[in-house]
Engineer: 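Handing you this structure, nothing more for now.
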Amino acid sequence: MLSKKKILAIVIILILIAVGVYFLYNYTEGQKAFAGEHNVLVLCADPSEPRPGVGAVDMAFVIHLSDGKVGEITKVYPGGLAHPTREPSDSMKAEGLSVVYLHDSLWSENLTEGTTIAQEIVEYHTGLKTDMVLVMTPEAIDALVKSVAPVYSNGKEVSNSSIDFLRDDQDQGATRGDAVEGLADGIREAASKNNKKPALIQSSMDQYSKGNILVVPEDKFAPFISYGGISNIL
């Protein structure tokens, strides 16, 4: 008869095998989906600005991937970037909007509609066509920071909320794009130095499951994290 310790050990082994198969499967799927050259649009959303959808787009980035590895990162400032043809919804018009700005692209509860609008605006103004959209909330960024802490950006430790840190960075002269990019670099560097790369991947998956990271198309997230994480982060 198996002891409780042996049964627990068998359960743990089965869980590890299941996790390994999950990541192996998604890594293979990621190879298929993200082999070659791709652009991913990252939208930093602020839910504190009330609207039916996720929140206001405070900053955007287009990340170029080459076989899953991060290449050039293009900063896209939402201010003044409008959709060339799309009419605002009735609820947007009620708020006095006469055009659809990137800042308001996630206005609708329909995430796919919102991210499509954002992609069209970014492509129109930058010429960069994107394959996938990641929407990041402050809660997600806080969790990523915590998973690999301590995190330093521009020589300062990120010890308070990420959005407060970014605002403080801007108050001291950094542009919004530089502040966000500096924080992202700090997270990646901390994950590498602190041997917490797997923790960063796990935190990303956790935040995705909690709805703090939103992805369109939704079925590309697990392959993206598995392939991109193993190929680039690790």
Side-chain angles (χ1 to χ4, degrees), residues 38-63 73-144 160-171 175-181 183-184 204-222 224-225:
H38 296 272
N39 287 322
V40 175
L41 177 60
V42 179
L43 303 175
C44 301
D46 181 4
S48 69
E49 293 196 35
R51 59 201 57 220
V54 180
V57 177
D58 273 349
M59 189 66 201
F61 297 87
V62 176
I63 300 176
I73 298 176
T74 303
K75 302 168 191 172
V76 183
Y77 294 90
L81 299 189
H83 197 285
T85 58
R86 190 178 288 262
E87 286 285 322
S89 65
D90 289 341
S91 63
M92 294 173 77
K93 288 178 180 177
E95 294 297 324
L97 295 171
S98 57
V99 295
V100 180
Y101 291 107
L102 179 57
H103 180 75
D104 303 305
S105 57
L106 300 179
W107 188 283
S108 168
E109 289 180 336
N110 186 326
L111 182 65
T112 300
E113 178 186 27
T115 56
T116 299
I117 292 171
Q119 286 177 296
E120 290 172 352
I121 293 172
V122 169
E123 184 177 1
Y124 177 78
H125 289 280
T126 69
L128 296 171
K129 187 175 180 63
T130 54
D131 312 299
M132 185 175 83
V133 182
L134 274 75
V135 180
M136 305 282 291
T137 66
E139 289 84 355
I141 297 172
D142 287 345
L144 297 183
N160 54 359
S161 75
S162 58
I163 198 161
D164 288 340
F165 181 87
L166 293 172
R167 285 170 179 163
D168 182 61
D169 232 10
Q170 291 174 73
D171 287 342
T175 65
R176 184 180 300 174
D178 286 342
V180 175
E181 191 172 20
L183 179 57
S204 299
M205 298 295 292
D206 179 56
Q207 291 303 301
Y208 172 71
S209 69
K210 291 177 178 177
N212 294 328
I213 295 177
L214 303 165
V215 183
V216 178
E218 190 175 357
D219 61 355
K220 292 287 180 66
F221 183 69
F224 172 74
I225 287 294

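All heavy atoms count here, side chains included; hydrogens, waters and symmetry mates do not. We count residues from 1, following the sequence as given.
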Engineer: CG of Asn110 to OG1 of Thr115: how many Å apart, nearest 0.5 Å?
Structural biologist: 8.0 Å
Engineer: Using the side chain to side chain donor-acceptor pair (under 3.5 Å) criterion, which residues pair with Lys210? Sequence neighbours excluded.
Structural biologist: Asp206
Engineer: What distance separates Thr137 OG1 from Asp142 CG, expressed to the nearest 0.5 Å?
Structural biologist: 8.5 Å
Engineer: So, using side chain to side chain contact (heavy atoms under 4.5 Å, CB included) as the criterion, who are the partners of Glu95 when residues are at least two apart?
Structural biologist: Trp107
Engineer: Of all residues at least two apart in sequence or in a different chain, which pass the salt bridge (Lys or Arg N to Asp or Glu O under 4.0 Å) check with Glu49?
Structural biologist: Arg51
Engineer: Give me the atom names and distance for the closest heavy-atom approach of Ser105 to Val57.
Structural biologist: OG-CG2, 3.7 Å
Engineer: How long is the gap from CG on Leu43 to CG on Leu102, to the nearest 0.5 Å?
Structural biologist: 6.5 Å
Engineer: Working note: Leu111 + Glu218, criterion side chain to side chain contact (heavy atoms under 4.5 Å, CB included); need CA distance, chi angles, decisive distance, verdict.
Structural biologist: CA-CA 10 Å; Leu111 182 65; Glu218 190 175 357; over 6 Å; no
Engineer: Taking the side chain from Gln207 and the backbone from Ile213, do they hold a donor-acceptor pair closer than 3.5 Å?
Structural biologist: no
Engineer: For Val216, which of Thr112, Leu41, Val135, Leu134 qualifies under side chain to side chain contact (heavy atoms under 4.5 Å, CB included)?
Structural biologist: Thr112
Engineer: For the residue pair Cys44 and Phe61, what are the closest heavy atoms and their distance?
Structural biologist: SG-CE1, 4.3 Å
Engineer: Any sub-3.5 Å donor-acceptor pair from Ser108's side-chain atoms to Gly114's backbone N or O?
Structural biologist: no
Engineer: Minimum heavy-atom separation for Glu139 and Pro47, please, with both atom names.
Structural biologist: OE1-CG, 4.5 Å
Engineer: Return each pair, listed once, that meets salt bridge (charged side-chain N to carboxylate O under 4.0 Å, His left out) where at least one residue sits in residues 53-62; pairs must be two or more places apart or across chains.
Structural biologist: none
Engineer: Counting only heavy atoms not in Lys93, do more than 12 fall under 6.0 Å of its NZ?
Structural biologist: yes
Engineer: Go through the structure and list residues passing side chain to side chain donor-acceptor pair (under 3.5 Å) with Asp46, not counting sequence neighbours.
Structural biologist: Ser48
Engineer: Write down the atom of Met92, the atom of Asp104, and the distance for their closest heavy-atom approach.
Structural biologist: CE-CB, 3.9 Å
Engineer: Using side-chain heavy atoms (C-beta onward) and a distance below 4.5 Å, is Glu120 in contact with His83?
Structural biologist: yes
Engineer: Could you list the residues that satisfy side chain to side chain donor-acceptor pair (under 3.5 Å) with Tyr77, not counting sequence neighbours?
Structural biologist: Thr175
Engineer: Exactly one of Asn39, Asp131, Thr130 should register a side chain to side chain donor-acceptor pair (under 3.5 Å) with Gln119. Which one does?
Structural biologist: Thr130
Engineer: For His103 and Gly80, indicate whether the former's side chain and the latter's backbone hold a donor-acceptor pair under 3.5 Å.
Structural biologist: no
